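Order of the sequence lines fixes the chain letters, A, B, ..., with proteins taken first and strands second; residue numbering starts at 1 for each chain. Being a predicted model, the structure only gives us computed values, none of them experimental.
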2 protein chains.
Amino acid sequence: MSGTVIRVLIADDHASVRAGLLLLLGMAGDIEVVGEAADGALAVAQERALRPDVVLMDARMPGVDGVEATRRIVANAGADVLMLTTFDLDEIVFGALKAGAAGFLLKTVEPQDLFTAIRRVAAGDGVVAPEVTRQVLRRFAAAPEPGPEARPAYAHDLTPRETDVLVALGQGKSNAQIAQEFVISLATVKSHVSSVLAKTGTSSRMQAAIEARRVGLV
Amino acid sequence: MSGTVIRVLIADDHASVRAGLLLLLGMAGDIEVVGEAADGALAVAQERALRPDVVLMDARMPGVDGVEATRRIVANAGADVLMLTTFDLDEIVFGALKAGAAGFLLKTVEPQDLFTAIRRVAAGDGVVAPEVTRQVLRRFAAAPEPGPEARPAYAHDLTPRETDVLVALGQGKSNAQIAQEFVISLATVKSHVSSVLAKTGTSSRMQAAIEARRVGLV
DNA sequence: GGGGCCATCCCCCTTAAGTTGGAGGACGCG
DNA sequence: CGCGTCCTCCAACTTAAGGGGGATGGCCCC
């Protein structure tokens, strides 16, 4: 953002930590600490006033915590936030990432790695501590599909038209609405719905709709 | 897994790439290449036969591709898979991660970083190339909640019983099933359903069910 | 050119869903 | 206590859903 020097705002409730980071970052050469904040509310205010490139944010702070502060800064299209915390608790990690943090590091990080991380975040990249990357990947892999099963085996048996109907079912449409959408008669829709129910192994349009959504047809 | 030496299987359809990786990994000292595979199907078979600690998997391969091979290896509780690819296309990245890959690197990676990545994956950590970490974080932040809105305004108006019913609706249950579940009469269920439809602004149990799922009531 | 698959439509029937309008009992609160 | 809210239930009605047949025409492939 600012050419060669990266402007950083430090947010941590412990004065000693701020002082330590201040000294440490001063050794980097291409990093300039432009401000400090002792809590989340101050961090948000300082970010708006100082327009830093990166905010080094502690997760645990009195009042408005780091996660909430991150959410506000990101919502305001502000600086990139690098969350720096002592604990890799799921709650904090995922809270921070959902809040839109650009990076997540543990305070056990080596100085060189911290510098690298700040530079990467400033460049628009993301950074996640190796120790927590695994948690993130696991969550990522787990989120979309519950497990090894869950694949639409029936998908191969459904005719194109039936698939259309199943999608419409997933959208909560009535037979009449489906008939209108595809310009066919109500009787035809019923035929297709019956086929879909049989092939998907469901016994009501409700369950079929849930199936359709579960497998991502909607 | 194997004490001090990390056993690696290389899967890539280009013989020259395999040869290059073989030479490169030989320089690491603590890494031993125990096998090679030219396509996904072979990779899965080799993994089962050789039981490596880490599989270096190319994403693009003829026949069974790297993503599908990864899915099969992970489903079988096999080795950790480190995906190595030329392109950081969303499709490949998210496909690999959803398949359960433990890491994702670009082929532009520096040898030292590749060694480090292999060691981390072998240690059970996750690794994601800095260039793609940002994509992952963005997806992560976007996935859970569509946006600032989407909160159930009507949730405050729903009585406890009505909420029960809405949840049941979201599970695709019929009025009769709901009556049985809560040990009330069918008539009562109908009353509650009507109230729920009115308060949620929906006009059919289908739409109410979708609403219930959308706001996370199920 | 005959068979199979698909999409379309029809009739009849049973059951579920949803509406309307009411009514009684339990509980809490001023 | 009186009032309001909630939960419970009922009856009667209209509409939608779903099953069980059966029929037609188009299309593709052997």
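- In summary, Asp13(A) and Arg18(A) do not engage in a salt bridge, as defined by a charged side-chain N under 4.0 Å from a carboxylate O.
- For the OP1/OP2 pair of dA16(D) and a distance below 4.0 Å, the side-chain nitrogens and oxygens of Asn175(A) include no atom meeting the criterion.
- Rounded to whole angstrom, the span from the CG atom of Leu158(B) across to the C1' atom of dC6(D) amounts to 13 Å.
- Counting only heavy atoms from C-beta on, Thr188(B) has its side chain closest to dC9(D) among dC7(D), dC9(D), dG18(C).
- At dG18(C), none of the side-chain N or O atoms of Ser194(B) fall inside 4.0 Å of OP1 or OP2 (strictly under the cut-off).
- Nearest-nucleotide positions on DNA chain D for Leu186(B) and Pro160(B) put Pro160(B) closer to the 5' end.
- Following rounding to the nearest Å, Glu162(A) (CD) and dT8(C) (P) show an atom-to-atom distance of 11 Å.
- Protein atom CD of Gln207(B) is 13 Å distant from nucleotide atom C1' of dG18(C), rounded to whole Å.
- Rounded to an integer number of Å, the gap from Ile184(B) CD1 to dC10(D) P is 11 Å.
- Rounded to whole Å, the distance from CZ on Arg161(B) to C1' on dC27(C) is 16 Å.
- Phosphate proximity of dG18(C) to Arg205(B): present, with a side-chain N or O under 4.0 Å from OP1 or OP2.
- Counting all heavy atoms, side chain and backbone alike, Leu106(A) lies closest to Leu84(A) at O-CD1, 4.0 Å.
- Close to dA16(D), at under 4.0 Å from its OP1 or OP2, lies no side-chain N or O of Ser174(A).
- OP1 or OP2 of dA7(C) sits under 4.0 Å from a side-chain N or O of Thr159(A).
- Across the protein-nucleic acid pair, Leu197(A) atom CG and dA17(D) atom C1' stand 10 Å apart, rounded to whole Å.
- A residue-by-residue look at Ser191(B) and Met206(B) shows that Met206(B) has its nearest nucleotide of DNA chain C further toward the 5' end.
- Note that CD1 of Ile73(B) is 10.5 Å distant from CG of Asp80(B), once rounded to the nearest 0.5 Å.
- Proximity of His192(B) to the phosphate of dC9(D): no side-chain N or O atom is located under 4.0 Å from OP1 or OP2.
- At distances below 3.5 Å, not a single donor-acceptor pair connects side-chain atoms of Gln46(A) with backbone N or O atoms of Ala43(A).
- At distances below 3.5 Å, not a single donor-acceptor pair connects side-chain atoms of Thr188(B) with backbone N or O atoms of Ile184(B).
- Between the C1' atom of dC9(C) and the CZ atom of Phe182(A) lies a distance of 17 Å, rounded to the nearest Å.
- Ser185(B) has a side-chain polar atom (N or O) that falls below the 4.0 Å cut-off from OP1 or OP2 of dC9(D).
- The NZ-P distance, from Lys190(B) to dA16(C), rounds to 9 Å in whole Å.
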